[in-house]
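In what follows, chains carry the letters A, B, and so on, assigned in the order in which the sequence lines appear, proteins first and then strands, with residues in each chain numbered from 1.
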Amino acid sequence: MSSNISMILAKLNKKDPNKLSLNIMDLLKKNITDFKKVEIAGPGFININLSNKALISIINKIFKEGKSFGSYKAKYSYNIEFVSANPTGPMHVGHSRGAIYGDVLSNLLKFNGNKVIKEYYINDYGNQINNFVKSVFLRIREIKYNESFVNEKELYPGDYIIEIANKILSKSKLKFNSLKDNYNFLTKESLKYSMEMIKSDLKKLGISHDSFISEKSIVNSKTVIKAINQLKRSNYVEEGFLEPPKGIKNEDWKKTKRLIFKSTLFGDDTNRALQKNDGSWTYFANDLAYHFNKVSRNYDRLINILGADHTGYIRRIEGAVKALSKNKQILHCKVCQLVKLYKDGSPFKMSKRSGDFISVNDLLNEVNKDSIRFMMLNRSNDVELEFDFDKVLEKSKDNPVFYVQYCHARIQSIFRTIDFKSKKNKQVKIGDINFNKYEKEILKKVFEWPKIIKIASNKYEPHRIPFYLYELATLFHSYWSKGNEDEKFKFIKKGNIDKSKLLMMQLVLIVLQNGMKILNVSLPNKM
RNA sequence: GCGCCCUUAGCUCAGUUGGAUAGAGCAUCGGUUUUCUAAACCGAGGGUCGUAGGUUCGAAUCCUUCAGGGCGCGCCA
């Protein structure tokens, strides 16, 4: 164990850290007997070797905590919105990253005792939906009346549209003469089937949401007006004109008076329109209303998981939450960078519109859920993730999930061999326990687990968990193999096992199980 | 033009909210299997942490400059 307390105190008091360390060391030696050795190293670190007595008391504490080892008591309520993929088709590989990130972040926060609502915002309103429904209609015409499907720019050509068309046809005897006459029916049915597809994809990835909120229902409930009225009163919304957009040309742009949200007050580049040319609400206006609804549900903390292509949206919506909650609630937007898909050694472009994207379902047909989950978290969410289709399909040693699972399988293998069963309420006593240096390394790693959880939770960085588990597994595999070189490091000798080894393995097991439970990745007993 | 993210070994990336001699995997080279699971392990080579400054006992980490890459910049959703 090591402490940098002297350096911190030195900074505060402007004193020499080495001198402070000497003083602290004296105090420690006088007052505490749990230390075997205390010494000063480097610029003023205090290194402490724990006595067996102290070690045992820590181990007993871990056994007592068991499934909650690593967690700390927090009791905030969270709303985490993630996935929220448009209901115009199945999920693609890019969506799965945010989905898994959000899901594991939720598990992590729950592990610490927080209450978490996992929410999905269904964008079942607007032009995309019109185009989606039109696509379904045209496919129906194609099937029923042999009219060829002309692929216009705005339409969705993917095969799943044909599937939806077939499903609708098999249940309905309507003639489908005009889109207009069948519009409401088609919209309802198409959305039902596309959401079924998405939910099924999510389920296969091990993800389920607690709450689904429909954009259309927000619009119909007039929440938009309520939200905007409140913002008008606090002077965040006004009628006015906006400058022409700087980024891309838009021929439809017109300078007319409309309601705008003053997002520049929150660091945005420009104020944002709440109304379109024709006076109808923009997507942002509806989203504002949705977040008004979220704010009214009184969570302690709001989190949105967004794709990289929505970074420009963050200032606006975070500002909106501040304005709507009168600075009482804070929305944190976390961004997942792109997933770059590689196949046959070259980049594989995804496009939802063209219909040639790799869907989550395609992926799941070839790679198991555990590997996908682990791989998607094996990067910080802030960096692009290279997903090598071929490599993941190989199911080889390149895949780190196997490595961690294998560690678990080896421990279980030992337990099987000696017919060991974990007992409840075990109390370890000081006796013939004597950890060697390899075991101490592993214990040290196990003791780090709560710190990993704390950082991962505070920073919303669940990727730290797979990295940590991988490191723990490395130490274990390394120690295991010592037995190949030297008989005395064999775990089992003549059917017996050292008490210290048994303890060490039980501790590793606790951490592996707690960690993988948060990741929702399985731990097979045999591989 | 503006905003956000990134730049660490040949490649892909970690890096403890500022700590000790910067770490893994892959790739390269060389070793280890009558076994408690070799889906594993051990060893070797490989670094000016993009650049230039600053903050301090101490910087890959914080601040500023510049360069390179990605994403975005709608009255689409």
Side-chain angles (χ1 to χ4, degrees), chain A residues 2 4 7-8 10-11 14-18 41-45 47 86 88 123 125-129 131 154 215 242 244-250 252-256 258 260 267-270 272-280 282-284 286-287 307-315 335 337-338 340 378-386 388 391 395-400 402-403 405-407 409-418 448 451-452 454-455 458-459 463-464 466-468 470-471 473-474 477-485 490-493 495 497 501 526-527:
Chain A
S2 166
N4 63 344
M7 270 92 91
I8 294 166
K11 182 147 204 168
K14 294 185 179 171
K15 282 182 182 165
D16 181 9
N18 261 308
F45 288 97
N47 287 342
N86 286 332
T88 51
N123 299 128
Y125 187 86
N127 283 330
Q128 284 187 184
I129 297 300
N131 293 328
E154 310 281 288
E215 180 180 358
L242 288 172
K246 283 172 185 161
I248 49 169
K249 288 169 201 161
N250 184 352
D252 296 334
W253 187 85
K254 276 179 193 162
K255 186 160 186 168
T256 43
R258 70 191 72 227
I260 56 175
D268 202 359
D269 308 343
T270 168
R272 302 292 173 176
L274 294 167
Q275 286 176 302
K276 301 181 193 174
N277 269 338
D278 60 3
S280 63
T282 60
Y283 173 80
F284 175 54
N286 293 343
D287 209 18
D309 50 343
H310 288 85
T311 1
Y313 195 71
I314 294 176
R315 288 276 165 78
V335 171
Q337 293 297 324
L338 295 184
K340 273 191 192 165
N378 212 26
R379 287 280 171 278
S380 152
N381 60 287
D382 275 337
V383 304
E384 286 184 8
L385 186 142
E386 219 173 88
D388 192 324
K391 237 180 192 174
K395 294 183 180 176
S396 73
K397 61 192 168 187
D398 289 349
N399 196 335
F402 287 120
Y403 192 81
Q405 288 176 324
Y406 191 40
C407 175
R410 276 180 154 170
I411 292 174
Q412 292 296 354
S413 157
I414 295 276
F415 287 178
R416 268 197 306 278
T417 308
I418 60 166
E448 276 176 28
K451 197 173 168 188
I452 298 296
K454 192 144 203 180
I455 294 167
N458 287 346
K459 299 177 106 169
H463 73 277
R464 286 166 191 272
F467 276 104
Y468 167 86
Y470 189 85
E471 284 163 15
T474 302
H477 287 308
S478 172
Y479 182 40
W480 175 281
S481 299
K482 290 280 184 293
N484 286 339
E485 296 151 29
K490 281 252 156 93
F491 282 40
I492 298 174
K493 280 170 238 162
I497 188 162
K501 287 194 176 62
K526 262 186 193 176
M527 291 176 75

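Taking atom C1' in both C73(B) and C62(B), one finds a spacing of 28 Å when rounded to whole Å. Between G23(B) and A67(B), the distance separating the two C1' atoms is 27 Å to the nearest Å. A gap of 15 Å separates the C1' atoms of G18(B) and C49(B), to the nearest Å. Atom P of G70(B) sits at a distance of 22 Å from the matching atom of U65(B), rounded to the whole Å. A52(B) and C13(B) have their C1' atoms separated by 26 Å, given to the nearest Å. Comparing the same atom, P, in C2(B) and in U21(B) gives a spacing of 41 Å after rounding to whole Å. Distance check on atom C1': A39(B) versus U7(B) gives 34 Å, rounded to whole Å. For the C1' atoms, the distance linking G30(B) with G45(B) amounts to 11 Å, nearest Å.
Residues satisfying the ring pair (Phe, Tyr, Trp, His ring centres under 6.0 Å) criterion with Tyr479(A), sequence neighbours excluded, are Tyr438(A), Phe491(A). In this view, Ser280(A) and Asp278(A) satisfy the side-chain hydrogen bond (donor to acceptor under 3.5 Å, both in side chains) rule, not counting sequence neighbours. Not counting sequence neighbours, the partners of Lys490(A) by the side-chain hydrogen bond (donor to acceptor under 3.5 Å, both in side chains) test are Glu487(A).
Counting non-hydrogen atoms under 4.0 angstrom, Leu338(A) reaches the backbone sugars and phosphates but no base. Contact annotation for His310(A): base contact, defined as any heavy-atom pair under 4.0 Å involving a base atom. When heavy atoms are screened at a 4.0 angstrom cut-off, Asp309(A) is found touching the sugar-phosphate backbone but no base atom. Backbone-only engagement by Tyr470(A) is indicated by non-hydrogen atom pairs under 4.0 Å involving sugar-phosphate atoms exclusively. Among the heavy atoms of the strands, none lies under 4.0 Å from Lys501(A). Asp287(A) comes within 4.0 angstrom of nothing in the nucleic acid, heavy atoms only. Looking at heavy-atom distances under 4.0 Å, Gln275(A) makes contact with sugar-phosphate atoms alone, never a base. Heavy atoms of Phe467(A) sit under 4.0 angstrom from primed sugar atoms or phosphate atoms, though from no base atom.
Listed nucleotides: C36(B), U17(B), A40(B). Nearest to the side chain of Tyr406(A): A40(B). The side chain of Ser481(A) has C41(B) as its nearest neighbour among C76(B), A39(B), C41(B). You'll find that the side chain of Ser478(A) is closest to C41(B), out of C41(B), C36(B), G74(B). Closest to the Ala308(A) side chain, of the nucleotides U12(B), C76(B), C71(B), is C71(B). If you check C13(B), G25(B), C71(B) against the side chain of Arg379(A), the one that comes closest is C13(B). The side chain of His463(A) sits closest to G15(B) out of G15(B), U17(B), C36(B).
Phosphate proximity of C41(B) to Tyr403(A): present, with a side-chain N or O under 4.0 Å from OP1 or OP2. Taking only side-chain nitrogens and oxygens, His477(A) never comes nearer than 4.0 Å to OP1 or OP2 of C36(B). Residue Tyr283(A) has no polar side-chain atom (N or O) positioned under 4.0 Å from OP1 or OP2 of C76(B). Residue Lys459(A) has no polar side-chain atom (N or O) positioned under 4.0 Å from OP1 or OP2 of G15(B). Side-chain N/O atoms of Arg464(A) include one lying less than 4.0 angstrom from OP1 or OP2 on G15(B). Between C73(B) and Thr270(A), no contact under 4.0 Å exists linking OP1 or OP2 to a side-chain N or O.
Distance Lys451(A) NZ to U17(B) P: 5 Å, rounded to the nearest Å. One can place CG of Asn123(A) at 6 Å from C1' of A77(B), the figure rounded to the nearest angstrom. The CG atom of Asn458(A) sits 12 Å away from the C1' atom of U16(B) (whole-angstrom rounding). The CD1-P distance, from Ile452(A) to U16(B), rounds to 9 Å in whole Å. Between the CZ atom of Phe402(A) and the P atom of A40(B) there is a distance of 10 Å, rounded to whole Å. Nucleotide C76(B) holds its P atom 16 Å from the CD1 atom of Ile129(A), rounded to whole Å.
Looking at heavy atoms from C-beta onward, Asn123(A) lies in side-chain contact with Tyr283(A) at the 4.5 angstrom threshold.
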Short N/O separations, protein against nucleotides 20-22 of chain B, under 3.5 angstrom:
residue, atom, partner, partner atom, Å
A20(B), N6, Ser2(A), OG, 2.5
A20(B), N6, Asn47(A), OD1, 3.1
A20(B), N1, Asn47(A), OD1, 3.4
A20(B), N1, Asn47(A), ND2, 3.2

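In this entry the base of U33(B) is syn relative to its sugar, with a glycosidic angle within 90° of 0.
Across every non-hydrogen atom of Arg315(A) and Gly267(A), the tightest pair is NH1-O, 2.9 Å. Looking at every heavy atom in both residues, Asp382(A) comes nearest to Gln337(A) through O-CG, 3.0 Å. Of all the heavy atoms in Gly312(A) and Arg272(A), the pair that sits closest is O-NH2, 4.4 Å.
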Let me have a per-nucleotide readout for nucleotides 5-11 of chain B, 5' to 3', with B, S or -, counting only protein heavy atoms under 4.0 Å. SS-----

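Residue whose closest nucleotide on RNA chain B sits further toward the 5' end, between Lys526(A) and Ile455(A): Ile455(A). Taking the nucleotide of RNA chain B with the nearest heavy atom to each of Asn378(A) and Ile314(A), the more 5' of the two is matched to Ile314(A).
Separation of atoms CD1 (Ile414(A)) and CD1 (Ile497(A)) is listed at 5.5 Å; rounding is to 0.5 Å. How far CD1 of Ile129(A) is from CG of Asn86(A): 6.5 Å, rounded to the nearest 0.5 Å. Thr256(A) contributes atom OG1, which lies 9.0 Å from atom CD of Gln275(A) (distance to the nearest 0.5 angstrom). Interatomic distance, CZ of Arg379(A) versus CG of Leu385(A), reported as 6.0 Å (0.5 Å rounding).
Under 3.5 Å, the side chains of Tyr470(A) and Asn378(A) contain no donor-acceptor pair of N or O atoms.
With a 3.5 Å limit on both pairing distances and Watson-Crick or G-U wobble geometry required, the stems of 3 or more pairs in RNA chain B span B:1-7 with B:67-73, B:10-13 with B:23-26, B:28-32 with B:40-44, B:52-54 with B:62-64.
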From CA spacing to verdict: side-chain contact (heavy atoms from CB on, under 4.5 Å), Arg464(A), Ile455(A): CA-CA 8 Å; Arg464(A) 286 166 191 272; Ile455(A) 294 167; 3.6 Å; yes

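Panel note: side chain His477(A), backbone Tyr403(A); a donor-acceptor pair is recorded below 3.5 Å.
Ring orientation note: the planes of Phe284(A) and Tyr313(A) are nearly perpendicular, at an angle over 60° on the 30°/60° scale.
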